[in-house]
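This is a predicted model, so every value here is computed, not measured.
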Amino acid sequence: MTTETQHLRISGIEVEVVRKDIKNLHLGVYPPLGRVRVAVPLVLGDEAVRLAVIDKLGWIKRQRAKFAEQPRQSQREMVSGESHWFLGRRLRLRVREQEGPPKVAVRGIGAIDLVVRPGTDAAQREAILSRWHREQLKELIPPLLAKWQAALGVQVADWGIKRMKTRWGSCNPAARRVWFNLELAKKPVQCLEYIVAHELTHLLERHHDERFTALLDAHMPQWPQYRDMLNSLPLAHEEWGY
């Protein structure tokens with residue numbers, strides 16, 4: 001598919017304009033920074049794009065205001081007593097130093113233990129916790145993929161987990177490859193399932209258009225609530241560039 005990308009400044013807002021071989025214009029505002037992106041037909045000129053964006057300016061500003069108000073964690077120091085998140089639960093970190101391999105374990109309903117070797121610094125502790133988050137997602141995602149591949153009648157060729165600064169997930173329909181943001185380990189499992197369903201739906205419809213929304217509505221009617229939940233929870237300081 002032929003695509004052309006440019007950036008326009010419209011009413012003080014930088015807008016990413018992607019021209020594609022499509023029939024209709026599609027406008028979106030994306031977390032965490034309120035990035036504005038508009039996909040338009042190849043034949044649509046800059047002035048028509050400006051008018052379309054200006055027409056939706058009030059909605060764009062409301063969406064960006066929501067993201068600006070979203071709580072963000074301060075820089076984590078990786079010491080006992082700090083709050084850390086796992087599957088939507090706020091857990092109190094308990095750091096223990098001892099010889100042997102590092103370990104992470106959730107204790108009860110409100111604590112998470114981090115066992116490290118003596119002298120392990122904050123960056124190393126954070127890396128250990130991030131590896132644990134990745135391991136948890138590697139266990140949680142496969143059954144969700146199986147469920148939604150069956151529900152949607154699609155099949156991925158490959159999937160992975162990585163840090164992403166502007167997206168919860170991504171999909172390459174041509175390669176049938178999907179990626180999930182490592183941050184999802186900190187969010188409620190309903191949010192993780194929503195992103196799995198969202199990205200797999202892109203295997204049926206590449207664009208965020210009416211057909212895409214209709215498919216999600218049919219298979220996951222609660223998706224707007226899960227999306228809003230995901231976008232209202234605290235964002236990690238270091239991972240989102242704040």
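- Between Glu77 and Arg125, no side-chain nitrogen of the basic residue sits less than 4.0 Å from a carboxylate oxygen of the acidic one, so the salt-bridge criterion is not met.
- Note on Glu135 versus Lys138: no salt bridge recorded, every NZ/NE/NH1/NH2 to OD/OE distance being 4.0 Å or above.
- Minimum interatomic distance between Met164 and Gly169 (heavy atoms only, all atoms of both residues): CE-CA, 3.8 Å.
- The line from OG1 of Thr201 to CG of Leu215 is 6.0 Å long, rounded to the nearest 0.5 Å.
- Looking only at distances, no side-chain donor or acceptor of Asp158 sits under 3.5 Å from a matching main-chain atom of Arg177.
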Legend entry - Derivation of the side-chain contact (heavy atoms from CB on, under 4.5 Å) call for Leu129 and Ile112: CA-CA 10 Å; Leu129 188 58; Ile112 183 168; 4.0 Å; yes
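- For the pair Arg94 (side chain) and Ser80 (backbone), a donor-acceptor distance under 3.5 Å is absent.
- Counting heavy atoms from C-beta on, the side chains of Leu114 and Trp132 never come closer than 4.5 Å.
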Inset, instruction - For Trp148 and Val154, run side-chain contact (heavy atoms from CB on, under 4.5 Å): C-alpha distance rounded to whole Å, both residues' side-chain angles, the deciding distance at 0.1 Å, then the answer. - result: CA-CA 8 Å; Trp148 286 99; Val154 298; over 6 Å; no
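- Across every non-hydrogen atom of Glu97 and Gly119, the tightest pair is OE2-N, 3.7 Å.
- Looking at His207 and Lys20, their side chains come closer than 4.5 Å, going by heavy atoms from C-beta outward.
- In the hydrophobic clustering of this structure, Val104 does not group with Val79; members are Ile, Leu, Val, Met, Phe, Trp, Tyr whose side-chain heavy atoms approach within less than 4.5 Å, directly or through other members.
- The line from CZ of Phe180 to CG of Leu145 is 5.0 Å long, rounded to the nearest 0.5 Å.
- Using a distance-only test at 3.5 Å, with no hydrogens or angles considered, a donor-acceptor pair links the side chain of Arg50 to the main chain of Arg9.
- Side-chain heavy atoms closer than 4.5 Å link hydrophobic residues (I, L, V, M, F, W, Y) into clusters, and following such links, even through other members, never connects Val18 to Ile60.
- Side-chain atoms of Arg134 never come within 3.5 Å of backbone atoms of Leu182 as a donor-acceptor pair (strictly under, hydrogens ignored).
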Inset, instruction - Go through the steps for Leu152 and Leu203 under the test side-chain contact (heavy atoms from CB on, under 4.5 Å), then give the verdict. - result: CA-CA 9 Å; Leu152 295 168; Leu203 296 177; over 6 Å; no
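- Nearest heavy atoms, Asn181 versus Leu137: O-CD1, 3.9 Å.
- Remark: the backbone N or O of His7 is not paired with any side-chain donor or acceptor of Glu14 at under 3.5 angstrom.
- Taking every heavy atom of both residues into account, Glu199 and Val178 meet most closely at CB-CG1, 4.1 Å.
- Taking CG of Leu140 as the reference point, atom CG of Leu184 lies at 10.5 Å (rounded to 0.5 Å).
- Between the CG atom in Leu27 and the CG atom in Asp55 there is a gap of 10.0 Å [rounded to 0.5 Å].
- Judged purely by atom type and a 3.5 angstrom limit, Gln124 uses its side chain to pair as donor or acceptor with the backbone of Asp121.
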Legend entry - From CA spacing to verdict: side-chain contact (heavy atoms from CB on, under 4.5 Å), Val53, Ser11: CA-CA 9 Å; Val53 171; Ser11 296; over 6 Å; no
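- Between Trp168 and Tyr194, the ring centre distance reaches or exceeds 6.0 Å.
- Cluster membership check: Val115 does not share its hydrophobic cluster with Phe86, using side-chain heavy-atom separations under 4.5 Å among Ile, Leu, Val, Met, Phe, Trp and Tyr.
- Closest of all the heavy-atom pairs between Tyr30 and Arg37 is CE1-CB, 3.7 Å.
- Arg64 contributes a side-chain N or O that, together with a main-chain N or O of Gly34, makes up a donor-acceptor pair within less than 3.5 Å.
- Within a 6.0 Å radius of CG in Leu51, other residues, nucleotides and ligands contribute more than 12 heavy atoms.
- No donor-acceptor pair closer than 3.5 Å links the side chain of Asp113 to the backbone N or O of Ala105.
- Each of His208, Glu193, Arg227 was checked for a side-chain hydrogen bond (donor to acceptor under 3.5 Å, both in side chains) with His198, and the lone residue meeting it is His208.
- Going from atom CD1 of Ile109 over to atom CZ of Arg89 covers 7.5 Å, rounded to the nearest 0.5 Å.
- Hydrophobic clustering of Ile, Leu, Val, Met, Phe, Trp and Tyr side chains at less than 4.5 Å, counting indirect connections, keeps Val189 apart from Trp159.
- Residue Gln6 qualifies as enclosed at atom CD: its count of foreign heavy atoms under 6.0 Å is above 12.
- Glu183 contributes atom CD, which lies 12.0 Å from atom SG of Cys191 (distance to the nearest 0.5 angstrom).
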